[in-house]
Amino acid sequence: MPVSIATIKNKLDDYLGKPLTVVVQAGRKKTVSRHGVLRETYPAVFVIELNQEENAFERVSYSYTDILTKNIRLDFED
């Protein structure tokens with residue numbers, strides 16, 4: 001388990017351009033899954049380009065603290 005934001009960013013840098021599934025906590029006992037590709041990482045956020053057939057919007061960004069606090073989970077497809 002990564003313990004710092006810098007560690008999370010460094011790990012995500014290795015997965016740029018790779019397909020993934022984002023599982024987002026949307027409330028009590030409710031999650032939303034989205035498929036896309038990790039496109040960019042910035043000092044405070046990272047950007048995922050979503051699959052257009054499944055989603056109404058093109059891109060979504062999340063903070064590294066979302067991973068740290070387990071508000072989202074990233075599952076990379078190998």
Side-chain angles (χ1 to χ4, degrees):
M1 164 85 182
V3 293
S4 73
I5 291 173
T7 305
I8 294 169
K9 183 184 181 315
N10 288 336
K11 284 186 178 275
L12 287 181
D13 285 338
D14 295 338
Y15 289 101
L16 284 173
K18 305 260 172 116
L20 61 98
T21 301
V22 181
V23 180
V24 180
Q25 297 294 328
R28 284 181 66 179
K29 299 181 182 180
K30 185 177 178 187
T31 59
V32 176
S33 294
R34 296 185 175 129
H35 301 284
V37 176
L38 180 62
R39 284 294 172 206
E40 299 173 85
T41 58
Y42 294 103
V45 297
F46 58 95
V47 178
I48 298 173
E49 187 174 300
L50 297 175
N51 186 347
Q52 289 302 297
E53 293 144 8
E54 299 175 3
N55 300 288
F57 38 93
E58 291 182 28
R59 294 176 154 209
V60 65
S61 64
Y62 295 103
S63 169
Y64 300 112
T65 57
D66 291 329
I67 296 174
L68 195 61
T69 58
K70 299 182 181 176
N71 288 332
I72 66 168
R73 186 179 79 229
L74 303 178
D75 296 325
F76 288 94
E77 302 165 12
D78 292 331

Would you say V60 and V24 are hydrophobically clustered, going by side-chain heavy atoms of ILVMFWY under 4.5 Å?
yes
Please tell me whether L50 and V37 are part of a single hydrophobic cluster in this structure, the criterion being side-chain heavy atoms less than 4.5 Å apart.
no
Ring pair (Phe, Tyr, Trp, His ring centres under 6.0 Å) involving Y62 - partner list, sequence neighbours excluded
none
Straight-line distance of K18 NZ to L74 CG, nearest 0.5 Å:
14.0 Å
Which residue pairs satisfy the ring pair (Phe, Tyr, Trp, His ring centres under 6.0 Å) criterion with at least one member in residues 26-47, sequence neighbours excluded?
F46-Y64
Out of the candidates V22, V23, L20, only one should pair with D75 under the side-chain contact (heavy atoms from CB on, under 4.5 Å) rule; please name it.
V23
Please report the interatomic distance CD1(I67) to OG1(T7), rounded to the nearest 0.5 Å.
11.5 Å
In terms of heavy-atom contacts, V32 and A26 come closest through CG2-CB, 3.8 Å
How long is the gap from CD1 on I8 to OG1 on T65, to the nearest 0.5 Å?
8.5 Å
Please find the pair of heavy atoms, one from L68 and one from S4, that lie closest to each other, and give the distance.
CD1-N, 4.5 Å
Please enumerate all residues that pass salt bridge (Lys or Arg N to Asp or Glu O under 4.0 Å) together with E40, with sequence neighbours excluded.
R59
Single-linkage hydrophobic cluster, 4.5 Å side-chain cutoff, V45 and F57 together
no
For the residue pair R39 and L16, what are the closest heavy atoms and their distance?
O-CD2, 3.6 Å
